[in-house]
Number of protein chains: 2
Amino acid sequence: MRPKIYLFGDSITEESFGDGGWGASLANHFSRSVDVVLRGYSGYNTRWAVKVLDKVFPAVEGGDGGDPLAVTVFFGANDACLPDRCSAFQHVPLEEYNHNLISIVSFLKKQWPRTQILLITPPPIDEDGRLRYPYTENPSGQPERTNEAAGAYAKTCVAVARECEIPAVDLWTKMQQFPDWEKACLRDGLHLTQNGNKIVFEEVITKLRDEGLSLEILPVDLPLLTDIDPNDPLKAFQK
Amino acid sequence: MRPKIYLFGDSITEESFGDGGWGASLANHFSRSVDVVLRGYSGYNTRWAVKVLDKVFPAVEGGDGGDPLAVTVFFGANDACLPDRCSAFQHVPLEEYNHNLISIVSFLKKQWPRTQILLITPPPIDEDGRLRYPYTENPSGQPERTNEAAGAYAKTCVAVARECEIPAVDLWTKMQQFPDWEKACLRDGLHLTQNGNKIVFEEVITKLRDEGLSLEILPVDLPLLTDIDPNDPLKAFQK
(Lines give C-alpha, C1' and ligand atoms only; values in the text may rest on other atoms or scores of the structure.)
Protein backbone atom coordinates (compact mmCIF):
# COMPACT_ATOMS: atom_id res chain seq x y z
CA MET A 1 0.00 0.00 0.00
CA ARG A 2 1.09 3.53 -0.71
CA PRO A 3 2.41 5.70 2.11
CA LYS A 4 0.41 8.74 3.13
CA ILE A 5 1.05 12.40 3.76
CA TYR A 6 -1.59 14.02 5.97
CA LEU A 7 -2.36 17.71 5.67
CA PHE A 8 -3.65 18.89 9.06
CA GLY A 9 -4.73 22.47 9.48
CA ASP A 10 -7.40 25.13 9.18
CA SER A 11 -9.21 26.57 6.16
CA ILE A 12 -5.94 27.18 4.30
CA THR A 13 -5.55 23.42 4.40
CA GLU A 14 -9.25 22.57 3.93
CA GLU A 15 -9.42 24.52 0.68
CA SER A 16 -6.01 23.32 -0.56
CA PHE A 17 -7.58 21.07 -3.21
CA GLY A 18 -9.23 24.00 -4.99
CA ASP A 19 -7.91 25.22 -8.35
CA GLY A 20 -4.14 25.47 -8.14
CA GLY A 21 -4.27 24.60 -4.43
CA TRP A 22 -1.14 23.45 -2.65
CA GLY A 23 -2.73 20.19 -1.48
CA ALA A 24 -3.86 19.22 -4.97
CA SER A 25 -0.42 20.14 -6.29
CA LEU A 26 1.17 17.83 -3.73
CA ALA A 27 -1.22 15.01 -4.71
CA ASN A 28 -0.37 15.65 -8.36
CA HIS A 29 3.35 15.76 -7.67
CA PHE A 30 3.23 12.44 -5.80
CA SER A 31 0.54 10.95 -8.07
CA ARG A 32 2.26 7.56 -8.35
CA SER A 33 3.92 7.33 -4.96
CA VAL A 34 2.00 8.89 -2.06
CA ASP A 35 -1.62 9.35 -1.00
CA VAL A 36 -2.11 12.94 0.13
CA VAL A 37 -4.87 12.97 2.74
CA LEU A 38 -6.80 16.12 3.54
CA ARG A 39 -7.53 16.90 7.18
CA GLY A 40 -8.33 20.61 6.99
CA TYR A 41 -10.87 22.14 9.38
CA SER A 42 -12.00 25.62 8.48
CA GLY A 43 -11.89 28.11 11.33
CA TYR A 44 -10.06 25.82 13.73
CA ASN A 45 -7.35 27.06 16.07
CA THR A 46 -4.85 24.92 17.97
CA ARG A 47 -7.11 24.79 21.05
CA TRP A 48 -9.78 23.01 19.04
CA ALA A 49 -7.23 20.99 17.09
CA VAL A 50 -5.86 19.51 20.32
CA LYS A 51 -9.38 18.46 21.30
CA VAL A 52 -9.89 16.45 18.10
CA LEU A 53 -6.42 14.93 17.61
CA ASP A 54 -7.45 11.39 18.50
CA LYS A 55 -10.41 11.58 16.11
CA VAL A 56 -8.38 13.02 13.23
CA PHE A 57 -5.55 10.53 13.74
CA PRO A 58 -7.06 7.40 15.28
CA ALA A 59 -4.66 4.71 16.39
CA VAL A 60 -5.42 2.16 13.71
CA GLU A 61 -4.30 -1.33 14.57
CA GLY A 62 -2.59 -2.76 11.51
CA GLY A 63 -3.89 -2.77 8.00
CA ASP A 64 -3.65 0.89 7.17
CA GLY A 65 -0.22 0.94 5.61
CA GLY A 66 1.71 1.76 8.75
CA ASP A 67 3.06 5.13 9.79
CA PRO A 68 2.42 7.94 7.35
CA LEU A 69 5.43 9.44 5.60
CA ALA A 70 4.65 12.92 6.83
CA VAL A 71 2.10 15.21 8.45
CA THR A 72 1.94 18.94 7.77
CA VAL A 73 0.65 20.94 10.75
CA PHE A 74 -0.56 24.34 9.59
CA PHE A 75 -2.30 26.32 12.34
CA GLY A 76 -2.07 29.80 13.75
CA ALA A 77 -4.03 32.00 11.38
CA ASN A 78 -7.10 31.68 13.63
CA ASP A 79 -5.21 31.62 16.93
CA ALA A 80 -3.84 35.01 15.85
CA CYS A 81 -7.27 36.66 15.61
CA LEU A 82 -7.10 39.61 17.99
CA PRO A 83 -8.85 39.06 21.35
CA ASP A 84 -10.74 42.36 21.24
CA ARG A 85 -12.06 42.25 17.68
CA CYS A 86 -14.84 40.57 15.75
CA SER A 87 -13.34 37.03 15.54
CA ALA A 88 -12.24 36.97 19.17
CA PHE A 89 -13.84 33.55 19.76
CA GLN A 90 -11.13 32.00 17.59
CA HIS A 91 -8.27 33.73 19.40
CA VAL A 92 -5.79 31.65 21.38
CA PRO A 93 -3.13 33.42 23.48
CA LEU A 94 0.40 33.12 22.15
CA GLU A 95 1.64 31.09 25.09
CA GLU A 96 -1.20 28.61 24.75
CA TYR A 97 -0.59 28.41 20.98
CA ASN A 98 3.01 27.48 21.78
CA HIS A 99 1.87 24.81 24.22
CA ASN A 100 -0.83 23.45 21.91
CA LEU A 101 1.55 23.12 18.96
CA ILE A 102 3.94 21.15 21.17
CA SER A 103 1.02 18.93 22.22
CA ILE A 104 0.13 18.26 18.59
CA VAL A 105 3.72 17.40 17.71
CA SER A 106 4.07 15.19 20.79
CA PHE A 107 0.86 13.35 19.97
CA LEU A 108 2.02 12.67 16.41
CA LYS A 109 5.52 11.63 17.50
CA LYS A 110 4.07 9.21 20.01
CA GLN A 111 1.54 7.82 17.54
CA TRP A 112 3.99 7.52 14.64
CA PRO A 113 7.63 7.73 15.74
CA ARG A 114 8.98 7.47 12.19
CA THR A 115 6.67 10.06 10.61
CA GLN A 116 8.15 13.36 9.47
CA ILE A 117 6.26 16.25 11.01
CA LEU A 118 6.43 19.59 9.20
CA LEU A 119 5.14 22.78 10.81
CA ILE A 120 3.88 25.62 8.61
CA THR A 121 3.54 29.09 10.09
CA PRO A 122 0.47 31.21 9.43
CA PRO A 123 0.79 33.40 6.33
CA PRO A 124 1.25 37.15 6.59
CA ILE A 125 -1.92 39.23 6.76
CA ASP A 126 -2.97 41.94 4.32
CA GLU A 127 -5.05 44.09 6.65
CA ASP A 128 -6.61 46.00 3.78
CA GLY A 129 -7.80 42.70 2.33
CA ARG A 130 -9.25 41.65 5.66
CA LEU A 131 -11.33 44.84 5.78
CA ARG A 132 -12.49 44.48 2.19
CA TYR A 133 -13.63 40.86 2.62
CA PRO A 134 -15.03 40.47 6.14
CA TYR A 135 -16.09 36.96 7.20
CA THR A 136 -18.56 38.31 9.73
CA GLU A 137 -20.13 41.63 10.65
CA ASN A 138 -17.36 44.03 11.49
CA PRO A 139 -18.66 47.54 12.14
CA SER A 140 -15.47 48.52 14.01
CA GLY A 141 -13.52 49.34 10.88
CA GLN A 142 -10.58 47.47 12.41
CA PRO A 143 -9.29 44.19 10.90
CA GLU A 144 -9.77 41.12 13.09
CA ARG A 145 -6.26 39.95 12.18
CA THR A 146 -3.06 42.01 11.82
CA ASN A 147 0.20 41.16 10.15
CA GLU A 148 2.10 41.96 13.32
CA ALA A 149 0.07 39.48 15.37
CA ALA A 150 0.38 36.78 12.68
CA GLY A 151 4.14 37.38 12.75
CA ALA A 152 4.31 36.74 16.49
CA TYR A 153 2.51 33.40 16.03
CA ALA A 154 4.78 32.55 13.09
CA LYS A 155 7.88 33.18 15.22
CA THR A 156 6.46 30.97 17.95
CA CYS A 157 5.74 28.23 15.41
CA VAL A 158 9.33 28.36 14.15
CA ALA A 159 10.59 28.24 17.74
CA VAL A 160 8.45 25.17 18.48
CA ALA A 161 9.87 23.43 15.42
CA ARG A 162 13.39 24.18 16.62
CA GLU A 163 12.59 22.94 20.11
CA CYS A 164 10.98 19.75 18.75
CA GLU A 165 13.80 19.29 16.20
CA ILE A 166 11.49 19.20 13.23
CA PRO A 167 11.44 21.38 10.12
CA ALA A 168 9.18 24.39 9.62
CA VAL A 169 8.07 26.43 6.64
CA ASP A 170 8.24 30.05 7.77
CA LEU A 171 5.49 31.11 5.41
CA TRP A 172 5.01 34.47 7.13
CA THR A 173 8.58 35.49 6.29
CA LYS A 174 8.84 33.72 2.93
CA MET A 175 5.67 35.16 1.45
CA GLN A 176 6.60 38.73 2.33
CA GLN A 177 9.68 38.41 0.14
CA PHE A 178 7.44 38.38 -2.95
CA PRO A 179 6.66 41.67 -4.72
CA ASP A 180 3.13 42.87 -4.02
CA TRP A 181 2.60 39.85 -1.73
CA GLU A 182 -0.49 41.47 -0.18
CA LYS A 183 -2.54 41.06 -3.35
CA ALA A 184 -0.40 38.62 -5.37
CA CYS A 185 -0.38 35.91 -2.71
CA LEU A 186 -3.53 36.57 -0.68
CA ARG A 187 -7.05 36.63 -2.06
CA ASP A 188 -8.81 38.21 0.91
CA GLY A 189 -5.91 39.22 3.10
CA LEU A 190 -5.62 35.70 4.57
CA HIS A 191 -6.43 32.89 2.12
CA LEU A 192 -4.10 32.02 -0.73
CA THR A 193 -4.21 32.95 -4.39
CA GLN A 194 -2.68 30.56 -6.94
CA ASN A 195 0.65 32.38 -6.40
CA GLY A 196 0.33 31.95 -2.65
CA ASN A 197 -0.56 28.28 -3.08
CA LYS A 198 2.48 27.81 -5.31
CA ILE A 199 4.75 29.19 -2.58
CA VAL A 200 3.35 26.77 -0.01
CA PHE A 201 3.63 23.83 -2.42
CA GLU A 202 7.24 24.66 -3.34
CA GLU A 203 8.25 25.18 0.29
CA VAL A 204 6.62 21.93 1.40
CA ILE A 205 8.26 19.78 -1.29
CA THR A 206 11.60 21.46 -0.59
CA LYS A 207 11.38 20.69 3.13
CA LEU A 208 10.22 17.12 2.44
CA ARG A 209 13.12 16.67 0.03
CA ASP A 210 15.53 17.95 2.69
CA GLU A 211 14.21 15.15 4.90
CA GLY A 212 14.74 12.52 2.22
CA LEU A 213 11.15 12.40 0.94
CA SER A 214 11.29 13.03 -2.79
CA LEU A 215 10.14 11.46 -6.04
CA GLU A 216 13.66 10.18 -6.72
CA ILE A 217 13.64 8.14 -3.54
CA LEU A 218 10.03 7.05 -3.04
CA PRO A 219 8.95 3.83 -4.77
CA VAL A 220 6.63 4.17 -7.76
CA ASP A 221 3.32 2.31 -7.64
CA LEU A 222 3.33 -0.19 -10.53
CA PRO A 223 5.40 -0.02 -13.74
CA LEU A 224 5.64 3.35 -15.44
CA LEU A 225 4.74 3.44 -19.13
CA THR A 226 8.38 4.20 -19.90
CA ASP A 227 9.36 0.93 -18.18
CA ILE A 228 6.96 -1.15 -20.26
CA ASP A 229 8.50 -2.83 -23.30
CA PRO A 230 6.30 -2.07 -26.34
CA ASN A 231 7.33 -5.42 -27.83
CA ASP A 232 6.31 -7.38 -24.75
CA PRO A 233 4.18 -5.19 -22.47
CA LEU A 234 2.97 -7.99 -20.21
CA LYS A 235 6.52 -8.81 -19.13
CA ALA A 236 6.41 -5.76 -16.85
CA PHE A 237 3.46 -7.26 -14.97
CA GLN A 238 4.87 -10.74 -14.39
CA LYS A 239 6.96 -9.81 -11.35
CA MET B 1 -12.57 7.09 9.72
CA ARG B 2 -13.67 8.83 6.56
CA PRO B 3 -14.98 6.77 3.68
CA LYS B 4 -12.99 6.70 0.46
CA ILE B 5 -13.65 7.17 -3.23
CA TYR B 6 -11.01 5.54 -5.43
CA LEU B 7 -10.27 6.93 -8.88
CA PHE B 8 -8.96 4.04 -11.01
CA GLY B 9 -7.90 4.68 -14.56
CA ASP B 10 -5.24 5.76 -17.03
CA SER B 11 -3.45 9.09 -17.53
CA ILE B 12 -6.73 11.03 -17.55
CA THR B 13 -7.10 9.83 -13.98
CA GLU B 14 -3.40 10.06 -13.04
CA GLU B 15 -3.26 13.74 -13.97
CA SER B 16 -6.66 14.55 -12.43
CA PHE B 17 -5.09 16.44 -9.50
CA GLY B 18 -3.46 18.98 -11.81
CA ASP B 19 -4.79 22.56 -12.00
CA GLY B 20 -8.58 22.40 -12.27
CA GLY B 21 -8.44 18.61 -12.52
CA TRP B 22 -11.57 16.55 -11.92
CA GLY B 23 -9.94 14.48 -9.15
CA ALA B 24 -8.81 17.54 -7.21
CA SER B 25 -12.27 19.05 -7.69
CA LEU B 26 -13.84 15.91 -6.21
CA ALA B 27 -11.45 16.04 -3.25
CA ASN B 28 -12.29 19.72 -2.78
CA HIS B 29 -16.03 19.06 -3.08
CA PHE B 30 -15.87 16.29 -0.45
CA SER B 31 -13.19 18.05 1.63
CA ARG B 32 -14.89 17.31 4.96
CA SER B 33 -16.53 14.00 4.19
CA VAL B 34 -14.61 11.69 1.84
CA ASP B 35 -10.99 10.83 1.07
CA VAL B 36 -10.52 10.82 -2.69
CA VAL B 37 -7.75 8.34 -3.50
CA LEU B 38 -5.83 8.52 -6.76
CA ARG B 39 -5.08 5.29 -8.58
CA GLY B 40 -4.30 6.53 -12.09
CA TYR B 41 -1.76 4.72 -14.23
CA SER B 42 -0.66 6.61 -17.31
CA GLY B 43 -0.77 4.61 -20.54
CA TYR B 44 -2.57 1.64 -19.03
CA ASN B 45 -5.28 -0.25 -20.88
CA THR B 46 -7.77 -2.71 -19.40
CA ARG B 47 -5.51 -5.67 -20.17
CA TRP B 48 -2.82 -4.26 -17.89
CA ALA B 49 -5.38 -3.00 -15.38
CA VAL B 50 -6.73 -6.53 -14.92
CA LYS B 51 -3.19 -7.76 -14.20
CA VAL B 52 -2.68 -5.28 -11.35
CA LEU B 53 -6.14 -5.28 -9.74
CA ASP B 54 -5.09 -7.16 -6.62
CA LYS B 55 -2.14 -4.82 -6.11
CA VAL B 56 -4.19 -1.66 -6.64
CA PHE B 57 -7.00 -2.89 -4.41
CA PRO B 58 -5.48 -5.27 -1.85
CA ALA B 59 -7.87 -7.15 0.39
CA VAL B 60 -7.11 -5.34 3.62
CA GLU B 61 -8.18 -7.18 6.72
CA GLY B 62 -9.86 -4.69 9.01
CA GLY B 63 -8.61 -1.31 10.02
CA ASP B 64 -8.83 0.55 6.76
CA GLY B 65 -12.28 2.03 7.17
CA GLY B 66 -14.20 -0.74 5.47
CA ASP B 67 -15.60 -0.75 1.95
CA PRO B 68 -14.98 2.43 -0.02
CA LEU B 69 -18.00 4.52 -0.92
CA ALA B 70 -17.25 4.37 -4.62
CA VAL B 71 -14.71 3.51 -7.29
CA THR B 72 -14.56 5.26 -10.66
CA VAL B 73 -13.27 3.00 -13.45
CA PHE B 74 -12.08 5.11 -16.35
CA PHE B 75 -10.34 3.07 -19.06
CA GLY B 76 -10.61 2.74 -22.81
CA ALA B 77 -8.65 5.67 -24.23
CA ASN B 78 -5.57 3.44 -24.58
CA ASP B 79 -7.44 0.25 -25.50
CA ALA B 80 -8.85 2.27 -28.41
CA CYS B 81 -5.42 3.01 -29.94
CA LEU B 82 -5.60 1.59 -33.46
CA PRO B 83 -3.84 -1.77 -33.92
CA ASP B 84 -1.98 -0.69 -37.05
CA ARG B 85 -0.66 2.68 -35.91
CA CYS B 86 2.13 4.05 -33.75
CA SER B 87 0.65 3.21 -30.31
CA ALA B 88 -0.44 -0.29 -31.31
CA PHE B 89 1.17 -1.86 -28.21
CA GLN B 90 -1.53 -0.24 -26.08
CA HIS B 91 -4.40 -1.48 -28.27
CA VAL B 92 -6.86 -3.98 -26.82
CA PRO B 93 -9.50 -5.50 -29.13
CA LEU B 94 -13.04 -4.33 -28.45
CA GLU B 95 -14.26 -7.75 -27.37
CA GLU B 96 -11.40 -8.13 -24.90
CA TYR B 97 -12.04 -4.59 -23.58
CA ASN B 98 -15.64 -5.66 -22.94
CA HIS B 99 -14.45 -8.76 -21.11
CA ASN B 100 -11.75 -6.92 -19.13
CA LEU B 101 -14.16 -4.21 -17.95
CA ILE B 102 -16.52 -6.92 -16.70
CA SER B 103 -13.58 -8.56 -14.90
CA ILE B 104 -12.70 -5.28 -13.20
CA VAL B 105 -16.30 -4.71 -12.10
CA SER B 106 -16.62 -8.32 -10.88
CA PHE B 107 -13.40 -8.05 -8.89
CA LEU B 108 -14.57 -4.86 -7.20
CA LYS B 109 -18.06 -6.23 -6.51
CA LYS B 110 -16.58 -9.33 -4.93
CA GLN B 111 -14.06 -7.35 -2.88
CA TRP B 112 -16.52 -4.69 -1.75
CA PRO B 113 -20.16 -5.68 -2.25
CA ARG B 114 -21.51 -2.37 -0.94
CA THR B 115 -19.23 -0.10 -2.98
CA GLN B 116 -20.73 1.97 -5.78
CA ILE B 117 -18.85 1.35 -9.02
CA LEU B 118 -19.04 4.06 -11.67
CA LEU B 119 -17.76 3.47 -15.20
CA ILE B 120 -16.55 6.40 -17.27
CA THR B 121 -16.21 6.01 -21.03
CA PRO B 122 -13.16 7.28 -22.88
CA PRO B 123 -13.49 10.89 -24.06
CA PRO B 124 -13.98 11.74 -27.71
CA ILE B 125 -10.81 12.20 -29.77
CA ASP B 126 -9.80 15.32 -31.65
CA GLU B 127 -7.72 13.73 -34.40
CA ASP B 128 -6.18 17.05 -35.41
CA GLY B 129 -4.98 17.48 -31.83
CA ARG B 130 -3.51 13.99 -31.79
CA LEU B 131 -1.45 14.82 -34.89
CA ARG B 132 -0.28 18.16 -33.49
CA TYR B 133 0.86 16.69 -30.17
CA PRO B 134 2.29 13.22 -30.83
CA TYR B 135 3.37 11.16 -27.80
CA THR B 136 5.84 9.15 -29.85
CA GLU B 137 7.39 9.26 -33.30
CA ASN B 138 4.60 9.15 -35.83
CA PRO B 139 5.89 9.54 -39.39
CA SER B 140 2.68 8.05 -40.85
CA GLY B 141 0.72 11.28 -40.72
CA GLN B 142 -2.20 9.24 -39.35
CA PRO B 143 -3.47 9.73 -35.77
CA GLU B 144 -2.95 6.73 -33.46
CA ARG B 145 -6.47 7.25 -32.07
CA THR B 146 -9.67 8.18 -33.91
CA ASN B 147 -12.94 9.52 -32.60
CA GLU B 148 -14.83 6.70 -34.28
CA ALA B 149 -12.78 4.03 -32.53
CA ALA B 150 -13.09 5.81 -29.16
CA GLY B 151 -16.85 5.88 -29.76
CA ALA B 152 -17.01 2.11 -30.23
CA TYR B 153 -15.19 1.60 -26.90
CA ALA B 154 -17.46 4.14 -25.22
CA LYS B 155 -20.56 2.28 -26.44
CA THR B 156 -19.13 -0.98 -25.13
CA CYS B 157 -18.40 0.66 -21.76
CA VAL B 158 -22.00 1.89 -21.50
CA ALA B 159 -23.23 -1.60 -22.43
CA VAL B 160 -21.07 -3.20 -19.72
CA ALA B 161 -22.48 -0.77 -17.16
CA ARG B 162 -26.02 -1.72 -18.20
CA GLU B 163 -25.20 -5.43 -18.05
CA CYS B 164 -23.58 -5.05 -14.62
CA GLU B 165 -26.39 -2.76 -13.40
CA ILE B 166 -24.07 0.07 -12.45
CA PRO B 167 -24.06 3.69 -13.63
CA ALA B 168 -21.83 5.04 -16.37
CA VAL B 169 -20.75 8.50 -17.45
CA ASP B 170 -20.92 8.49 -21.25
CA LEU B 171 -18.18 11.07 -21.59
CA TRP B 172 -17.72 10.42 -25.30
CA THR B 173 -21.30 11.51 -26.01
CA LYS B 174 -21.56 14.19 -23.34
CA MET B 175 -18.40 16.03 -24.30
CA GLN B 176 -19.35 16.25 -27.96
CA GLN B 177 -22.45 18.24 -27.00
CA PHE B 178 -20.20 21.18 -26.06
CA PRO B 179 -19.45 23.84 -28.71
CA ASP B 180 -15.93 23.52 -30.08
CA TRP B 181 -15.38 20.47 -27.86
CA GLU B 182 -12.29 19.47 -29.86
CA LYS B 183 -10.24 22.39 -28.57
CA ALA B 184 -12.39 23.59 -25.65
CA CYS B 185 -12.37 20.26 -23.82
CA LEU B 186 -9.22 18.53 -25.05
CA ARG B 187 -5.71 19.90 -24.74
CA ASP B 188 -3.93 17.52 -27.11
CA GLY B 189 -6.84 15.71 -28.71
CA LEU B 190 -7.12 13.28 -25.77
CA HIS B 191 -6.29 14.80 -22.37
CA LEU B 192 -8.62 17.25 -20.69
CA THR B 193 -8.54 21.02 -20.52
CA GLN B 194 -10.06 22.75 -17.48
CA ASN B 195 -13.39 22.74 -19.37
CA GLY B 196 -13.07 19.03 -20.05
CA ASN B 197 -12.17 18.38 -16.42
CA LYS B 198 -15.20 20.35 -15.31
CA ILE B 199 -17.47 18.13 -17.40
CA VAL B 200 -16.04 14.98 -15.85
CA PHE B 201 -16.33 16.42 -12.34
CA GLU B 202 -19.95 17.52 -12.86
CA GLU B 203 -20.94 14.20 -14.40
CA VAL B 204 -19.30 12.19 -11.62
CA ILE B 205 -20.92 14.12 -8.78
CA THR B 206 -24.28 13.93 -10.57
CA LYS B 207 -24.02 10.15 -10.91
CA LEU B 208 -22.85 9.77 -7.31
CA ARG B 209 -25.76 11.93 -6.16
CA ASP B 210 -28.16 9.73 -8.16
CA GLU B 211 -26.82 6.81 -6.13
CA GLY B 212 -27.34 8.60 -2.83
CA LEU B 213 -23.78 9.80 -2.35
CA SER B 214 -23.92 13.55 -1.85
CA LEU B 215 -22.79 16.22 0.58
CA GLU B 216 -26.30 16.47 2.02
CA ILE B 217 -26.23 12.82 3.05
CA LEU B 218 -22.62 12.05 3.92
CA PRO B 219 -21.55 12.77 7.50
CA VAL B 220 -19.24 15.73 8.05
CA ASP B 221 -15.91 15.08 9.77
CA LEU B 222 -15.93 17.13 13.02
CA PRO B 223 -18.00 20.22 13.79
CA LEU B 224 -18.27 22.85 11.07
CA LEU B 225 -17.38 26.40 12.05
CA THR B 226 -21.03 27.32 11.57
CA ASP B 227 -21.98 24.72 14.20
CA ILE B 228 -19.59 26.12 16.78
CA ASP B 229 -21.14 28.51 19.30
CA PRO B 230 -18.96 31.67 19.44
CA ASN B 231 -20.00 32.11 23.07
CA ASP B 232 -18.94 28.58 24.04
CA PRO B 233 -16.81 27.06 21.29
CA LEU B 234 -15.57 24.08 23.29
CA LYS B 235 -19.11 22.80 23.75
CA ALA B 236 -19.00 21.50 20.19
CA PHE B 237 -16.03 19.30 21.06
CA GLN B 238 -17.42 17.72 24.21
CA LYS B 239 -19.47 15.06 22.45
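Throughout, a chain's letter reflects where its sequence line sits, starting with A, and its residues are numbered from 1. The model shown is predicted, which means the values in this text are computed figures rather than measured ones.
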(request) Under 4.5 Å heavy-atom distance to chain A, tell me which part of D221(B) shows up: side chain, backbone, both or neither. (result) both

(request) Report the distance from atom OG1 of T136(B) to atom CG of L225(A), rounding to the nearest 0.5 Å. (result) 9.5 Å

(message) Taking every non-hydrogen pair under 4.5 Å, which of A236(A), P230(A), P233(A) racks up the most with chain B?
(response) P230(A)

(message) Other residues, nucleotides and ligands only: do more than 12 of their heavy atoms fall within 6.0 Å of NE2 on H99(B)?
(response) no

(request) Drop me the distance from L222(A)'s CG to K51(B)'s NZ, to the nearest 0.5 angstrom. (result) 13.5 Å

(request) Give, for atom CZ of F30(A) and atom CG of L38(B), the distance between the pair rounded to the nearest 0.5 Å. (result) 13.0 Å

(request) Taking all non-hydrogen atoms of both residues into account, name the closest pair between R32(A) and G40(B) and its distance. (result) CD-O, 3.3 Å

(message) As an exercise: rank E15(B), E14(B), R39(B) by heavy-atom pairs under 4.5 Å with chain A and give me the winner.
(response) R39(B)

(message) Tell me which of these, S87(B), A88(B), S31(B), has more heavy-atom pairs under 4.5 Å with chain A than the rest.
(response) S31(B)

(message) Tell me which of these, S16(A), G21(A), A27(A), S25(A), has more heavy-atom pairs under 4.5 Å with chain B than the rest.
(response) A27(A)

(request) Hey, could you give me the CG/NZ distance between D19(B) and K198(A), rounded to the nearest 0.5 Å? (result) 10.5 Å

(request) Check whether Q238(A) gets within reach of chain B through its side chain, its backbone, both or neither, counting any heavy atom under 4.5 Å. (result) neither

(message) With a 4.5 angstrom heavy-atom cut-off, is it the side chain or the backbone of Q90(B) that approaches chain A, or both, or neither?
(response) side chain

(message) I need the D232(B) CG to F89(A) CZ distance, nearest 0.5 Å.
(response) 12.0 Å

(request) Take the angle between the ring planes of F237(B) and W48(A) and call it parallel below 30°, perpendicular above 60°, tilted in between. (result) tilted

(message) Please classify the contact between P58(B) and chain A as side chain, backbone, both or neither, with a heavy-atom cut-off of under 4.5 Å.
(response) side chain

(request) Count the heavy atoms of every other residue, nucleotide or ligand shown that sit under 6.0 Å from NZ of K235(B), and state whether that count exceeds 12. (result) no

